[in-house]
Amino acid sequence: MLTLSGVGKRYPTGDRALTDIELTLPKGQVMALIGPSGAGKSTLIRCVNRLVEPTQGSIRLEDTELTTLSGHKLRHARRSMGMIFQEYALVDRLTVMENVLSGQLGYVGFWRSFLRRYPQEAVVEAFRLLERVGLTHAIDKRADALSGGQRQRVGIARALLQSPKLLLVDEPTASLDPKTSRQIMRLIRELCAERELAAIINIHDVALAQQFADRIVGLRAGEIVFDGLPSELDSEMLTTIYGEEEWDTTPEPIDDEAANEEPVSPPYARVMSAIEAGAAR
Ligand SMILES: Nc1ncnc2c1ncn2[C@@H]1O[C@H](COP(=O)(O)OP(=O)(O)OP(=O)(O)O)[C@@H](O)[C@H]1O
Ligand SMILES: [Mg+2]
């Protein structure tokens, strides 16, 4: 349903952010896009909704070639893509309900939206979505009175109000605590399953990606270096994507023998392994 072929992006500054990206996303698939900072994750997502203009290649959403659209056709295509950002991008002085309804902007037009006159069906649907994301109690709260997790739920409800075919999600959990992060990822996953939505989720937390995505794509310096199942992503592959690092993050079980040994503080161990890795190069 979404196909990228030969997609490249070179920014006017000369930065080559993406090279020859080939990717096909079927309906209902949740894909996590991982990779180090600057790998091109946000650029890839933004090329799809044309917040960034790709400099090469083709991007098709079902039968529509997205890279050549402009004006009202582009606006129409964007309605079928729900965006969820890290910074939540809510309007602080508006209520939760108003923020969700602003997802209708593409449909009701700027002035109606500015005057906050929304069609009855939109209000009913917004209410239903707020119920689904667990926010009925906060409908009249101002957005600036919400926690990070609640703000992200509003962002999700808003993205879904336009009934998209595809969700583009950029670091949905970057400013959330571990438990809230899991709840948000689980919610996105469930909603994709319920609505047969495909999703591209940029995420730094590899464990979360493995737990909640159907597929993982690893980017490194603008190129796809891994495309597979979460279970296929081993520490060797992580090294290919991110470079040298100690990937075994599972805490060692404490047994009596180990307890008798000289304690090594984790930061010290990390510094030592970094030095050793450097020396081995
Ligand atoms: N507007 C821009 N102008 C010029 N170069 C840019 C622009 N946006 C991004 N880049 C460059 O493109 C490359 C990819 O950036 P991008 O933001 O897509 O990475 P990312 O994988 O999302 O990183 P992060 O994990 O830090 O968000 C980087 O080298 C970056 O410096
Ligand atoms: Mg980014």
Side-chain angles (χ1 to χ4, degrees), residues 2-23 25 30-59 61 66-67 70 74 78 81-90 148 151-152 155-156 158-159 166-178 180-182 184-185 188 198-213 215-228 230 233 235 237-247 249:
L2 178 74
T3 308
L4 282 75
S5 44
V7 171
K9 171 66 188 175
R10 185 191 284 274
Y11 283 103
T13 49
D15 286 277
R16 211 173 205 332
L18 294 174
T19 309
D20 205 15
I21 300 295
E22 301 284 333
L23 206 57
L25 201 64
V30 175
M31 188 197 99
L33 191 57
I34 63 169
S37 193
K41 305 181 297 296
S42 298
T43 301
L44 192 152
I45 276 199
R46 289 181 184 158
C47 281
V48 175
N49 71 1
R50 296 271 308 280
L51 286 176
V52 161
E53 294 295 340
T55 38
Q56 266 180 330
S58 140
I59 305 179
L61 182 62
L66 298 175
T67 52
S70 62
L74 177 59
R78 276 190 181 139
M81 299 179 249
M83 278 293 285
I84 301 170
F85 300 92
Q86 169 190 353
E87 304 84 11
Y88 325 116
L90 304 183
R151 287 173 73 90
Q152 197 55 282
I156 293 169
R158 183 181 54 189
L166 173 70
L167 278 184
L168 300 171
V169 194
D170 203 348
E171 310 227 13
T173 62
S175 9
L176 304 177
D177 67 61
T180 311
S181 297
R182 297 162 85 86
I184 292 296
M185 285 297 285
I188 293 174
I200 302 181
I201 308 181
N202 283 355
I203 185 158
H204 275 291
D205 187 324
V206 175
L208 268 187
Q210 284 181 299
Q211 189 175 357
F212 291 102
R215 170 182 176 188
I216 297 192
V217 168
L219 271 187
R220 178 174 185 166
E223 293 184 49
I224 294 179
V225 292
F226 175 80
D227 185 350
L233 189 67
S235 54
M237 190 39 76
L238 283 169
T239 305
T240 306
I241 301 170
Y242 289 96
E244 210 60 56
E245 184 49 275
E246 181 59 66
W247 296 116
T249 51

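Each ligand, and each atom within it, is numbered from 1 in the order the structure gives.
Regarding atom 9 (C) of ligand 1, its nearest protein heavy-atom neighbour is Tyr11 CE1, 3.4 Å. For atom 25 (O) of ligand 1, the nearest non-hydrogen atom of the protein is Lys41 NZ, 2.7 Å. From the protein, the heavy atom lying nearest to atom 27 (O) of ligand 1 is Glu171 OE2, 3.7 Å. When hydrogens are left out, the protein atom nearest atom 4 (C) of ligand 1 is Thr13 OG1, 3.2 Å; that is the closest non-hydrogen contact. In terms of protein heavy-atom proximity, atom 15 (O) of ligand 1 is nearest to Thr43 OG1, 3.8 Å.
The main-chain N or O of Leu51 is found under 3.5 Å from a side-chain atom of Asn49 such that the two form a donor-acceptor pair. At distances below 3.5 Å, at least one donor-acceptor pair connects side-chain atoms of Tyr242 with backbone N or O atoms of Gly35.
Residue contacts with ligand 1, taken as heavy atom pairs separated by less than 4.0 Å, involve Asp15 solely via side-chain atoms from C-beta onward.
Proximity of atom 30 (C) of ligand 1 to the protein is not indicated, since no non-hydrogen protein atom lies closer than 4.0 angstrom.
Closest heavy-atom approach to atom 26 (O) of ligand 1 within the set Gly40, Ser37, Ala39: this belongs to Ser37. When the heavy atoms of Pro12, Ser42, Ala17 are ranked by distance to atom 17 (O) of ligand 1, first place goes to Ser42. Evaluated by nearest non-hydrogen atom to atom 13 (C) of ligand 1, the leading choice among Cys47, Gly222, Ala221, Gly38 is Gly38.
The shortest distance between side-chain heavy atoms of Leu219 and Leu18 falls below 4.5 Å. Proximity of Tyr11 to Thr43: side-chain heavy atoms (C-beta onward) are separated by under 4.5 Å at one or more points. No side-chain heavy atom of Leu66 sits less than 4.5 Å from a side-chain heavy atom of Leu74.
Contact between His204 and ligand 1 is present, with at least one heavy atom of the residue lying under 4.0 Å from the ligand. The shell of residues lying under 4.0 angstrom from ligand 1, judged by heavy atoms, excludes Arg46. Heavy-atom distances between Gly35 and ligand 1 stay at or above 4.0 Å for every pair.
Partner Met83 forms a side-chain contact (heavy atoms from CB on, under 4.5 Å) with one of Val48, Leu167, Leu168, Leu166 and no other, that one being Leu168. Checked against Val217 for a side-chain contact (heavy atoms from CB on, under 4.5 Å), the options Leu44, Ile224, Ile241, Val225 give a single hit: Ile224.
Backbone or side-chain N, O or S atoms of Asn202 do not reach the Mg ion (ligand 2) at under 2.8 Å.
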TODO: Could you please spell out the steps behind the side-chain contact (heavy atoms from CB on, under 4.5 Å) verdict for Ile34 and Phe226?
DONE: CA-CA 9 Å; Ile34 63 169; Phe226 175 80; 5.8 Å; no

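Of all non-hydrogen atoms in Glu223 and Ile21, the two that sit nearest each other are CA-CD1, 4.4 Å.
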